[in-house]
Amino acid sequence: MDRRTAPYGVAAAALVALLAGCSGGGDHQGQGGQEGEVPPAPPAQQQQQQPEQQPPAAPDPAAAKAALQQQIDEALKQSPITFDADSAKLTQQGEQTATKAAELAKSAPQELKFTVTGYVADTGNPSPTDQELSQQRAQAVADKFTEAGVPQERLEVVGKGTAEGGTEQDRHATISVQ
């Protein structure tokens with residue numbers, strides 16, 4: 001090689017070495033980090049794994065039943081479901097409370113059922129119609145439930161006849177969650 005071409009030979013060798021490094025050749029192959037190279041993606045097992053999302057736990061039926069019964073009992077305690085004397089017609093207060101209880105029942109889990117029990121006041125003179133009237137009173141409350149959208153299949157209607165005490169409050173209905 002003569003002196004004039006020697007610098008070109010060195011420059012050509014340096015260029016070949018540089019190009020080999022940029023294309024992944026040479027000793028740095030697969031390690032990335034060279035200027036102008038895109039580092040390889042990490043293996044799948046090293047990628048950040050997101051925890052599997054669990055479906056929300058189903059509500060505990062016993063807890064749902066107890067909570068609903070407590071809400072209904074509280075509503076009945078504040079404002080009982082009462083009826084006009086010798087009638088299955090709900091009082092204004094009774095209608096409001098029955099409607100509130102029906103809305104609670106409507107939003108309850110579908111597997112829960114309800115027993116509506118009607119009573120008449122014990123006046124000391126038992127009547128053969130007491131049982132029938134208590135049944136009609138329970139049915140009047142059950143009708144509020146169906147009006148609110150609670151299916152009839154989820155309701156049991158029971159007439160208990162006379163309640164003890166003989167007061168206006170004994171002309172009432174109760175609701176039990178089953």
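Count residues from 1 along the sequence.
- In this structure, Q93 contributes its side chain and P80 its backbone to a donor-acceptor pair below 3.5 Å.
- For L133 against A88, the heavy-atom pair with the smallest separation is CD1-N, 3.8 Å.
- Q178 and S176 get closest at one heavy-atom pair: NE2-CB, 3.3 Å.
- For D86, the CG atom counts as loosely surrounded, since its 6.0 Å shell holds 12 or fewer non-hydrogen atoms of other residues, nucleotides or ligands.
- Nearest heavy-atom pair, E103 versus A148, reported as atom, atom and distance to 0.1 Å: OE2-CB, 3.7 Å.
- The pair K144-E147 counts as a salt bridge, with a side-chain nitrogen and a carboxylate oxygen less than 4.0 angstrom apart.
- In terms of heavy-atom proximity, L76 sits nearest to T174 at CD1-CA, 4.3 Å.
- V158 places a side-chain heavy atom less than 4.5 Å from the side chain of T115.
- Side-chain atoms of T91 come within 3.5 Å of backbone N or O of G94 as a donor-acceptor pair.
- Summarising the geometry of V116 relative to A142, their closest heavy-atom pair is CG1-N, 4.4 Å, with the distance given to 0.1 Å.
- Judged by distance alone, the side chain of S134 and the main-chain N or O of G161 form a donor-acceptor pair under 3.5 Å.
- Every pair passing ring-ring contact (aromatic ring centres under 6.0 Å, His included) that includes a residue from residues 115-140 is listed here, sequence neighbours excluded: Y119-H172.
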Task: Test side-chain contact (heavy atoms from CB on, under 4.5 Å) applied to L155 and V150, step by step - done: CA-CA 8 Å; L155 301 171; V150 178; 4.1 Å; yes
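- Applying the 6.0 Å contact sphere to CD of Q92 captures no more than 12 heavy atoms from other residues, nucleotides or ligands.
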What side-chain donor-acceptor pairs closer than 3.5 Å can you find for residues 62-72, not counting sequence neighbours?
| from | atom 1 | to | atom 2 | distance (Å) |
| --- | --- | --- | --- | --- |
| Q69 | OE1 | V177 | N | 2.5 |
| Q69 | NE2 | D73 | OD1 | 2.8 |
| Q69 | NE2 | I175 | O | 3.1 |

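- A donor and an acceptor atom, one from each side chain of Q135 and Q139, are nowhere located under 3.5 Å apart.
- At distances below 3.5 Å, at least one donor-acceptor pair connects side-chain atoms of Q131 with backbone N or O atoms of G159.
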- [ ] Kindly indicate, with the supporting measurements, whether the criterion side-chain contact (heavy atoms from CB on, under 4.5 Å) is fulfilled by R137 and R171.
- [x] CA-CA 9 Å; R137 287 177 173 174; R171 295 189 312 258; 3.3 Å; yes
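- The distance from atom CZ of R154 to atom CD of Q110, rounded to the nearest 0.5 Å, is 4.5 Å.
- For the pair L104/F114, no side-chain contact is recorded, criterion being any heavy-atom separation below 4.5 Å from C-beta on.
- For the atom pair N125 CG and T162 OG1, the distance stands at 11.5 Å (nearest 0.5 Å).
- Annotation for A98 and L90: closest pair CB-CD1, 4.5 Å, computed over non-hydrogen atoms.
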